[in-house]
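Notes to accompany the following structure.
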There are 2 protein chains.
Amino acid sequence: MRARTAPKPDSRLRRGSGRVTMDEVARLAGVSTSTVSRVLREPGAVSDSLAGRVRSAVDRLGYVPNLMAGGLAAARGRTVGVVVPSILNSFFAGTIDTLSGLLSSAGWQVLDGSTDYSEAREEALVEAFLAWSPAAMVLTGLRHSERTVRLLRAARIPVVEMWDVSEGAIDIAIGFSHRAAGRSMTQYLIEKGRRRIVFVGAIMTSDQRAAQRAEGYREAVTAAGLPATVIDLPSRSSVALGGPALADLLVRQVEMDALYCSNDVLALGALFECQRRGIAVPQHLSIAGFGDLDFAASCVPPLTTIRPPREAIGRETAAMLLARFAGQTHLRRAVDLGFDLQIRRSA
Amino acid sequence: MRARTAPKPDSRLRRGSGRVTMDEVARLAGVSTSTVSRVLREPGAVSDSLAGRVRSAVDRLGYVPNLMAGGLAAARGRTVGVVVPSILNSFFAGTIDTLSGLLSSAGWQVLDGSTDYSEAREEALVEAFLAWSPAAMVLTGLRHSERTVRLLRAARIPVVEMWDVSEGAIDIAIGFSHRAAGRSMTQYLIEKGRRRIVFVGAIMTSDQRAAQRAEGYREAVTAAGLPATVIDLPSRSSVALGGPALADLLVRQVEMDALYCSNDVLALGALFECQRRGIAVPQHLSIAGFGDLDFAASCVPPLTTIRPPREAIGRETAAMLLARFAGQTHLRRAVDLGFDLQIRRSA
DNA sequence: GCCCCATATGATAGCGCTATCAAGAAGGTC
DNA sequence: GACCTTCTTGATAGCGCTATCATATGGGGC
C-alpha cells in the first residue's frame, strides 16, 4: 500500500472565480489583507494614508468584496430574510420598500420571499433563508408552523414579526391590532346609523389578520346588539372577486345597509358592482375597506378605509434590527404603531 | 528577533456559528463529508443504502446546509439576482412570482431588488448582487448605465434583460415590443373612428418602455395623418395621478376623443375622473391602458388594454437560465413573447 | 534613557463546504 | 487469472475573507 500520508506537491487543477480578490488589492496597495479588510469594515481603525492607498487600489481594480467568503468567515452574513404573504398585492410592498431601503443603505442585504398565505411555503422559505446565516429574520404575522418557530428559535438571531401585535411573539412584534381596527371601523359604521353590517373576507383561515379584523367586527356589532354576518370567500382577494361577492349577497336577499370588506381590493370590486347595478353608495349601501391603497382616495366615491402604518412598520423594524445589530439588547418586545381611520364618502 | 516561522500550537479562540455542520451529519451517518455533499447535490451518484443513512442523519440533526460555505467552495452561488423598477406596482410582481417560484423549486435562490426607475440605484443593486457571486442576473429593460453593463460583462454569467426585445441586449432578451404594443393599440383606436388621440405617460425619461409605447403611438397616428399629443407627467404613475392629468387636458380644452394611458393605473384614475364629471366612456371619450391589471376587467366600464406576457416572461426566463445552468449554450438570444390586445368596453 | 501602555499593522488559522484526485470494489473480457 | 474498465466512496486542498493574536511603533512619565 502506498503511503497515504506522504506529503507531495498538490497538482490539482484549482478553480477560483476569476474575480479580483482582497489579496490583489492588498498587494497593489502594499499592505496586508487585514488592513484592506479593516479599511472596508472599520475605517476609523486605519491611518488615513494607508486607507487612501487601499481605497484607490479598490477603485483601480474594481474590487467587489465576496460576501460569501465574508459571511463564512464572520459566521454570520450581512443579510436579513423577510417573509411576507404576498408581494403581488401592495399591502406589504410599502413596508418592504421602506425596510429594504433602510437596511441596504446601512449595508445589509434583504432577501425577500412570499408565502402566498401558506404555512408550508413559509416554512420552506424560512429554511431557505436560514441557509444564508442571516443576521435577522422578519416574518409577517404571529402564526407559524411549529417547525418554523423551532428553526427560528434555534437560529438565535433577532426575529421580528410584523403587522400584528397580539400575544405570543417569538422575539419582537411590530405592528398594530387588527382586532382594534375591525372594531373601530364597525363602531364608526354603527355611529353613522348602520344596523345591518356584513363583513366580507377572503381565505380567512390563512389570512389571520383579516380574521382578526372580522373578530373585531363581531365584537362591535354584538356589543351594539346587532347581528353579525361574516362571509369568507374561498379564493384570494382581488378586485374581480368583490363584485360577485356583493352580487351573491343581493341574490340571497341578505338584509344589509353596510358592507365592510376585509380589504380595499374587495371593496373596490364591490364599488364597481354598485355602479353597475345603480346602487347609491353610501345612501343605499355603505362600503368600507382596509388598507388605504393607492386608489382608495380617488375612486368614486372615495373609500372609507383604515390606513395601516405600512411605512412606519418598515421604518421601526429597520431601526429595531439595526439597534440590535449594534449590540443594544434591552429593547421593547412589542411596538403598537396604531392605525388611522380614513373617513371618506363611501361610508 | 524571535523566530517567526517557529510552528507552535494554535491556542486562539475559535468562532463558529454553532450550527449543525455537514461534518456532524457525516459522522452520525458513518460516511465522509464527500458522500454527504453528494447525496445533497447529485443523489444519483450514491448508493441507496448510504443515501438513506445520510438522509436520516440530516433529518435527525435538522441539518441546514450553509450556502455561504457552499457558494464559496463552488466559486459560484446558487443565487440569481433579479432587478425590477418597482415591486410596488403589480406589473412586475407576476413575473417575479413566476420566476422565483420556478427557480426556487429548482434549488436556486432569487435575490430581488427594485430600482425605482433610477439608473444609479440599478447600478448599486447590480453591484450589491454581484457581491453574492450569483449564477445569473436578470434585469428589466435594455438601458443601463455604462458601468452596470461593464460589471455585468465582467461577471461572465448569463444575463437576461426582460420585458423588452429591442436591439442591444447584453446577453439574452426576453419580452415583447413595446413599440408594437403602442402601435397596435393606437391602430385599434383609429379603426374605431377615433381621430384625436392623446397619449399620457409618466416619468418617461426613466420609464423607457412607456416611452417606446409612446413612440409606437406616434408612428401610428402619424401614419394615419392624425396629430400626435404626448403628455409626460413628472411623477410616478398612480391612480391618484390619472384624474388630475385628464382634468388638466380638459381645462386646457385639448381636443380629444381618446385617451391612451401608458398604463392601467393612470387609466383607472382617468376613468374615475370621467365618472366624477359625467363624461360618458367610451361615447364621449375612449380610454385605453396597458398592463391588464387585476381591476381592468371589472372596473366600469371594463378597460380596453394590452396584456403583457407577465407570467410567460418569468417562465421563459427561468427555463432559459436553467438550461444555461445545465450547460446548454446555444440558445436563442432574443425571445419575443408578444402581447394581447384586450378589447373591452372603455374603448 | 527606560519602561509601560496605547495604537497601528501584519500574520495566520480557520469558517463549512465542494472540486478534485485517489483508491477500493465490482464486474467484464480475453 | 490477469488485466482493464466502471462505479462508489474517501481524503484533502483550498474558495476569499475575518477574527484573533503577535508584533512594531510612538509617546509619556519618571
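Convention: sequence-line order gives letters A, B, ...; per-chain numbering from 1.
Rounded to whole Å, the distance from CG on A/Leu40 to P on D/dT18 is 7 Å. Following rounding to the nearest Å, A/Arg78 (CZ) and C/dC15 (P) show an atom-to-atom distance of 22 Å. Atom CG of B/Leu67 is separated from atom P of C/dC17 by 9 Å (rounded to the nearest Å). Here C/dC17 presents its C1' atom at 8 Å from CZ of B/Arg41, a figure rounded to the nearest Å. Here D/dG14 presents its C1' atom at 16 Å from CZ of A/Arg19, a figure rounded to the nearest Å.
DNA chain C lies under 4.0 Å from at least one heavy atom of each of the following residues of residues 47-56 of chain A: A/Ser47, A/Leu50.
Partners of A/Asp164 by side-chain hydrogen bond (donor to acceptor under 3.5 Å, both in side chains), not counting sequence neighbours, listed by chain and number: A/Ser166, A/Gln212.
Neither side chain, B/Ser118 nor B/Thr115, offers a donor N or O lying under 3.5 Å from an acceptor on the other.
Side-chain nitrogen and oxygen atoms of B/Thr35 include at least one within less than 4.0 Å of the OP1 or OP2 phosphate oxygen of D/dG10. Contact annotation: A/Ser37 reaches the phosphate of D/dT18 (side-chain N/O to OP1 or OP2, under 4.0 Å).
Closest approach of B/Gly107 and B/Arg78 over heavy atoms only: O-NE, 3.2 Å. Residue A/Ala29 comes nearest to A/Ala57 through the heavy atom pair CB-CB, 4.0 Å, listed as atom of the first residue, atom of the second, then distance.
Under the 4.0 Å criterion applied to side-chain N and carboxylate O atoms, A/Asp59 and A/Arg55 are not assigned as salt-bridge partners.
Comparing B/Met68 and B/Arg38 along DNA chain C, the residue whose closest nucleotide (by nearest heavy atom) sits nearer the 5' end is B/Met68.
For the side chain to side chain donor-acceptor pair (under 3.5 Å) condition, the pairs that include at least one residue of residues 147-157 of chain A, sequence neighbours left out, are A/Glu123-A/Arg147, A/Glu127-A/Arg147, A/Ser145-A/Thr148.
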